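Since the structure comes first, as structure tokens, the remarks are kept for the end.
Since this is a predicted model, take the numbers as computed values, not measurements.
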Amino acid sequence: MKVNLKQYLLFSSVFAIFTESFFFHFIIDWKLLYLIIIVNYFILIKTQKIKINKYFLSLIGVLFIHGVITNIVVGIPPNYMLAQLIGITIVGVYYYNFIPLYERKEIISLYLKICLFVAIIGYPMYFLNINLNDGRLQSIFKEPAHYVVVVLPSCYYFFKEKKYLNFFILFGTIILSNSSLGYIGCGLILLVPNLSLKRIAYLTALIPFVVGAFLYMYQEYPFFKMRVEDTYESLNVINTGKFKEDTNLSSYALISNLHVAKRNLSDHPFGTGIGSHLYMHTNVYGKEMRAPEYLIKQKLHTTNATDANSMLTRILSELGLLGLLIIIGAFFYMFKTFSSKELHFAQGIVIYIILKLIRDGHYFPPEFYFFVWILYYDLKEYLSNR
């Protein structure tokens, strides 16, 4: 049987973004994703000339120079930076070359079909207690939050295209995932497309009234005051790094990484180099924290140190003010999608990126570059035709 390489490349490259649970451990984690990318690179090299986007190449160059300088100043081994830049380059260049091989509608259509399939099989898996995380739906993914971020662009797309049956199939799985990130994403589906300068101005005008109401309730209602003070005490751990013994793992993962990022940003406003958050967490600021004893005994006191529990936290920790400028510039560019009445999938990708900043700081999961390059090509075409 003759293999259609073009169809294989299409299916395998889109399917790859759903494969995080397909791996086995022998010395290291051997992931199906790695096999797909390696095989597909050989096919691309034999069938076409590999190209590198000039803006992407410039970004890699800036991150490399920034990393070399900051690593030398702070004294961080270069392997932390190199591992991230190699991963970003390999996956980023692959999907940059893959997307132009097909009509984007063809790629998006396949992605939408796989999302529906993954969502549909998620229901029996949920009700039969198969592959659940604390009773939460995650379908074939390792975590509910990972499932949510990968399928949310399709949920947004079906909503905007008024394909309500498909929308509710996906929406139901997001609700059953019991993921706070998923609930935020559902809110953004309704909120983000309706933002305008006029509405933002109205919301800004309401701030004094909201502050006034807050101060009144704080002074007049003891229960509300107690809750505010308890919340402040919890958040103050971001400053102190001293945790209570009964702090749960999720709160600890979030707040400990915020503490490290805050300290790192305060001590190094221009960052310590891409990939450095892990080093600063385990070798510098983590040693000064007081983690709950039960987490230390279980060796969970460095939970999510590799990705800072959030891309925004990690970028600010590692890149400092440079990272802030990159984020602002990226959103200024991306939000142009909402001036179009047709770029619904690209708009869904913007919401994905917002969620990505909130949770999961890994720099080269396959879906990230799959989405980013579709967004890039869609916007490039849209802006050139205006």
Side-chain angles (χ1 to χ4, degrees), residues 2-19 32-63 85-115 149-154 156-157 161 326 329-331 333-353 356 363-386:
K2 187 176 180 180
V3 177
N4 186 323
L5 285 181
K6 192 169 184 181
Q7 284 301 110
Y8 161 77
L9 275 177
L10 174 61
F11 182 83
S12 62
S13 300
V14 178
F15 177 69
I17 74 177
F18 298 88
T19 61
L32 177 58
L33 167 66
Y34 301 157
L35 177 61
I36 291 173
I37 294 293
I38 292 170
V39 171
N40 290 5
Y41 252 117
F42 279 113
I43 295 173
L44 287 180
I45 290 170
K46 283 185 171 294
T47 57
Q48 66 170 36
K49 182 179 179 181
I50 299 296
K51 300 178 182 178
I52 301 179
N53 179 272
K54 61 181 179 181
Y55 302 111
F56 183 69
L57 182 61
S58 298
L59 177 62
I60 294 296
V62 168
L63 293 177
L85 290 181
I86 291 171
I88 291 169
T89 303
I90 290 174
V91 183
V93 170
Y94 174 74
Y95 276 100
Y96 176 71
N97 284 272
F98 161 73
I99 300 297
L101 294 178
Y102 307 85
E103 292 287 335
R104 283 189 296 284
K105 288 183 179 179
E106 188 179 5
I107 298 173
I108 293 169
S109 176
L110 178 59
Y111 159 79
L112 295 173
K113 289 175 182 176
I114 298 178
C115 279
V149 295
V150 171
V151 305
L152 197 119
S154 65
Y156 176 88
Y157 176 84
E161 292 287 322
I326 291 173
F331 272 102
Y333 177 73
M334 290 187 301
F335 265 86
K336 294 177 182 180
T337 59
F338 292 99
S339 62
S340 168
K341 295 181 180 180
E342 297 178 352
L343 296 181
H344 292 153
F345 191 74
Q347 293 165 7
I349 293 173
V350 175
I351 295 176
Y352 157 83
I353 293 173
K356 185 76 176 170
Y363 288 132
F364 45 93
E367 89 280 349
F368 183 74
Y369 298 97
F370 173 79
F371 288 144
V372 163
W373 290 123
I374 289 179
L375 174 64
Y376 169 80
Y377 284 115
D378 275 358
L379 257 180
K380 182 180 179 181
E381 183 178 289
Y382 169 69
L383 295 175
S384 66
N385 294 330
R386 286 176 65 177

Side chains of Leu101 and Leu44, heavy atoms from C-beta outward: is any pair under 4.5 Å? yes
Q.
Counting C-beta onward and ignoring hydrogens, is there a side-chain heavy-atom pair between Lys356 and Pro365 closer than 4.5 Å?
A. yes
| query | Looking at side-chain heavy atoms only, is the closest gap between Leu63 and Tyr363 below 4.5 Å? | reply | no
- Does the side-chain contact (heavy atoms from CB on, under 4.5 Å) test come out yes or no for Ile353 and Leu375, once each step is laid out? CA-CA 11 Å; Ile353 293 173; Leu375 174 64; 4.1 Å; yes
Between Cys115 and Val150 the two heavy atoms that sit nearest each other are SG-O, 4.4 Å
*Do any N or O atoms from the side chain of Ser384 and from the backbone of Glu381 form a donor-acceptor pair under 3.5 angstrom?*
yes
Output for pair (Leu112 CG, Glu161 CD), nearest 0.5 Å, gives 9.5 Å
Gly92 and Phe56 have their tightest heavy-atom pair at CA-CZ, 4.0 Å
* Is the cationic atom of Lys6 (NZ for Lys, CZ for Arg) positioned less than 6.0 Å from the six-membered ring centroid of Tyr102 and within 45 degrees of its normal? -> yes
Tightest non-hydrogen contact, residues Ser340 and Gln347, listed as O-NE2, 3.0 Å
Query - Residue pair Tyr156 / Ile349, side-chain heavy-atom distance below 4.5 Å - result: no
Q) Between Val14 and Tyr111, is a side-chain contact (heavy atoms from CB on, under 4.5 Å) present by the stated rule, with each step listed? A) CA-CA 6 Å; Val14 178; Tyr111 159 79; 3.9 Å; yes
Closest heavy-atom pair, Phe368 versus Tyr352, reported as atoms and distance to 0.1 Å, is CA-OH, 3.4 Å
With a 4.5 Å limit on heavy-atom distance, are the side chains of Leu59 and Ile326 in contact? yes
Value for CG (Leu110) from CZ (Phe15), rounded to nearest 0.5 Å, stands at 10.5 Å
Legend entry - Donor-acceptor under 3.5 Å (Glu367 side chain, Ile17 main chain): no
Between the OG1 atom in Thr47 and the CG atom in Leu9, the distance rounded to the nearest 0.5 Å is 6.5 Å
For Tyr382, the side-chain hydrogen bond (donor to acceptor under 3.5 Å, both in side chains) test, sequence neighbours excluded, returns Ser339
CG (Leu379) and OH (Tyr333) are apart, to the nearest 0.5 Å, by 4.5 Å
On a heavy-atom basis, the closest approach of Ile45 and Ile50 is CG1-CG1, 4.0 Å
message: Counting only heavy atoms from other residues, nucleotides and ligands, does the tally under 6.0 Å from CD of Glu342 exceed 12?
response: no
### Task
Could you tell me how the ring of Trp373 sits relative to the ring of Tyr377: parallel (under 30°), tilted (30 to 60°) or perpendicular (over 60°)?
tilted
Run the ring-centre check on Tyr369 versus Phe364 and record whether the distance is less than 6.0 Å.
no
Heavy-atom closest pair (Ile52 atom, Tyr96 atom, distance to 0.1 Å) is C-CE2, 4.0 Å
Distance col, row Asp378:CG vs Leu343:CG, nearest 0.5 angstrom, shows 5.5 Å
So OG of Ser109 and CZ of Arg104: to nearest 0.5 Å the spacing works out to 14.5 Å
task: Kindly indicate, with the supporting measurements, whether the criterion side-chain contact (heavy atoms from CB on, under 4.5 Å) is fulfilled by Leu35 and Ile38.
output: CA-CA 5 Å; Leu35 177 61; Ile38 292 170; 5.7 Å; no
Item to complete: Please state whether the rings of Tyr95 and Phe370 are parallel, tilted or perpendicular, taking 30° and 60° as the class boundaries.
Response: perpendicular
Given Leu10 and Phe98, is the side-chain contact (heavy atoms from CB on, under 4.5 Å) satisfied, shown in steps?
CA-CA 8 Å; Leu10 174 61; Phe98 161 73; 4.1 Å; yes
